[in-house]
Amino acid sequence: MSGNYATETVLADTDGIARAARILRDGGLVAVPTETVYGLAARADSDEAVARIYEAKDRPSFNPLIVHVRDVEQARELADLPHTADVLADLFWPAPLTLVVPRKAQAGLTAAVTAGLDTVALRCPDHPVMQALLAACEFPLAAPSANRSGFVSPTSAAHVAMTLSGRIELILDDGRPCRNGLESTILAVRRDNSWEQLRPGPVDLDALHRHYWDGPIDNAPPSGRIEAPGQLASHYAPGKPVRLNATEVASDDFMIGFGDVSGDCTLSGRGDLSEAAARLYACLHEGAASEKPRIAVAPVPNEGIGIAINDRLRRAATPPDQ
Ligand code: TXA
Ligand code: MG
């Protein structure tokens, strides 16, 4: 049962945030804006609250959640941060950077939040609303993207309502689209300080390498051992066929343009990759809602944040049974 809640959308102001904190304390679900996408938050120390996230999203229980923390001190209460993770947190947080690190056994996190793994994904978000909410709560917040499992991620309160209305108590509306528009970069950092990128995102590996150039961090080559269980081949699906690298439009295509390739909407008319990242999910939502039976997407350069955009586009274009 996913429940039947009278989902309310309220402004993410002081009153809204205080109300959200009360709902969360009582084990409820609140959708919250972050700098990446809207998150579906619940207290990470409660079996019942976290179970409700899986239920509301129809999310497979083997797919663990990201735990959001106020600061690196709160992260240290939940996990044994290997030296590399400590350095990265210091350099980047608050940021769209999630660190998968060894969890502390006695940290009080419910096992469901990590799907029984002995690691935990931690992120300190760079958004005033999510930060205010974390400051108002004495517990950390589990928060996956606020969409039903497999659907396109939400970058506005209206996107959240589309798939979660009736399943959660509250949506905090920031009144503007999420700034980055793509989910956080995920890095797994092992006890031996080697690390591996599990999901490309707004903090790109080039930026990490630039910081390491003279730094203390010694990265081992990727081992391929760890995988983000949620990185399924098909994801972010708009519910109709998606054709990538399209330079010509067929009459039944909803065309998503980029740069010189124009369309029914565009990721960025001036070919700006940050703008394209911020607009990607809004364009996919528009394509999903249009009467056209297919979606076509113009080529997007595979560099910088374009790597994360193409990662999401490939998953959106993969049929669900693969
Ligand atoms: O930007 C974001 O990260 C957003 C906002 C709300 O913070 N959250 C988000 O959560 O994208 P979600 O649940 O949609 O994606 C979490 C990803 C999944 O691919 C999951 O498998 C992976 O993180 N993950 C979580 N815990 C993990 C762990 N212990 N080991 C490996 N992967 C993990
Ligand atoms: Mg997601």
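The basis for the numbers below is simple: all heavy atoms, side chains too, and nothing from hydrogens, waters or symmetry mates. Every number for a ligand or one of its atoms is a count from 1 in the order of the listing.
- The number of heavy-atom neighbours closer than 6.0 Å to CG of Asp260, taken from other residues, nucleotides and ligands shown, is 12 or below.
- In this structure, Ala56 and Ile168 approach most closely via the heavy-atom pair CB-CG2, 4.3 Å.
- Side chains of Ser153 and Glu183: a donor on one and an acceptor on the other come within 3.5 Å.
- For the pair Asn310 (side chain) and Gly306 (backbone), a donor-acceptor distance under 3.5 Å is present.
- Residue-ligand proximity, Leu117 to ligand 1, at heavy-atom distances under 4.0 Å covers atoms 28 (C), 29 (N), 30 (N).
- Between the side chain of Lys240 and the backbone N or O of Gly287 there is at least one donor-acceptor pair closer than 3.5 Å.
- Less than 4.0 angstrom separates some heavy atom of Val100 from each of these atoms of ligand 1: 28 (C), 29 (N), 30 (N).
- Screening His68, Arg123, Gln131, Arg179 for a side-chain hydrogen bond (donor to acceptor under 3.5 Å, both in side chains) with Thr34, the sole residue that qualifies is Arg123.
- No N or O atom of Thr34 sits closer than 3.5 Å to an N or O atom of ligand 1.
- Of the listed residues (Val113, Ile186, Leu198), the one carrying the non-hydrogen atom nearest atom 22 (C) of ligand 1 is Ile186.
- With no hydrogens or angles considered, no side-chain donor-acceptor pair links Thr266 and Arg279 at under 3.5 Å.
- Proximity of Leu65 to ligand 1, defined as any heavy-atom pair under 4.0 Å, is confined to the backbone N, CA, C and O atoms.
- Those atoms of ligand 1 with a heavy atom of Thr36 less than 4.0 angstrom away are 1 (O), 2 (C), 4 (C), 5 (C).
- Although no hydrogens or angles enter the test, the distance criterion places no donor-acceptor pair under 3.5 Å between the side chain of Asp47 and the main chain of Ala112.
- Contact annotation: for Arg59 versus ligand 1, heavy atoms closer than 4.0 Å belong to the side chain alone.
- The existence of a salt bridge linking Glu73 and Arg76 is confirmed by a sub-4.0 Å separation between a basic side-chain nitrogen and an acidic carboxylate oxygen.
- Proximity of Thr114 to ligand 1 is not established, as no heavy-atom distance is less than 4.0 Å.
- Residue His68 has at least one N or O atom closer than 3.5 Å to an N or O atom of ligand 1.
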Practice prompt. Kindly determine whether Glu138 and Arg25 satisfy salt bridge (charged side-chain N to carboxylate O under 4.0 Å, His left out), including the steps that lead there.
Written response: CA-CA 9 Å; Glu138 55 289 5; Arg25 192 195 52 210; over 6 Å; no

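- Counting the atoms of ligand 1 from 1 in the order shown, those under 4.0 Å from a heavy atom of Gly39 are 6 (C).
- Ion pairing between a basic and an acidic side chain is recognised when a charged N comes within 4.0 Å of a carboxylate O; Glu55 and Arg167 show no such pairing.
- Less than 4.0 angstrom separates some heavy atom of Thr119 from each of these atoms of ligand 1: 28 (C), 29 (N), 30 (N).
- For ligand 1, the atoms lying closer than 4.0 Å to a non-hydrogen atom of Ser184 are 1 (O), 2 (C), 3 (O).
- If you check the side chains of Thr98 and Ser184, you find a donor sitting under 3.5 Å from an acceptor.
- A donor-acceptor pair is defined here as one N or O able to donate and one able to accept, closer than 3.5 Å; such a pair exists between the side chain of Asn193 and the backbone of Thr84.
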Item to complete: Give the intermediate values and the outcome of salt bridge (charged side-chain N to carboxylate O under 4.0 Å, His left out) for residues Arg22 and Asp26.
Response: CA-CA 6 Å; Arg22 283 196 298 276; Asp26 295 342; over 6 Å; no

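- For Arg199, the closest heavy-atom approach to ligand 1 falls below 4.0 Å.
- At least one heavy atom of Ala143 sits less than 4.0 Å from an atom of ligand 1.
- Ordered by chain and number, Ser145 OG make up the set of protein N, O or S atoms under 2.8 Å of the Mg ion (ligand 2).
- For ligand 1, the atoms sitting less than 4.0 Å from at least one non-hydrogen atom of Ala121 are 25 (C), 26 (N), 27 (C), numbered in the order shown with element in parentheses.
- At least one N/O-N/O distance between Ser145 and ligand 1 falls below 3.5 Å.
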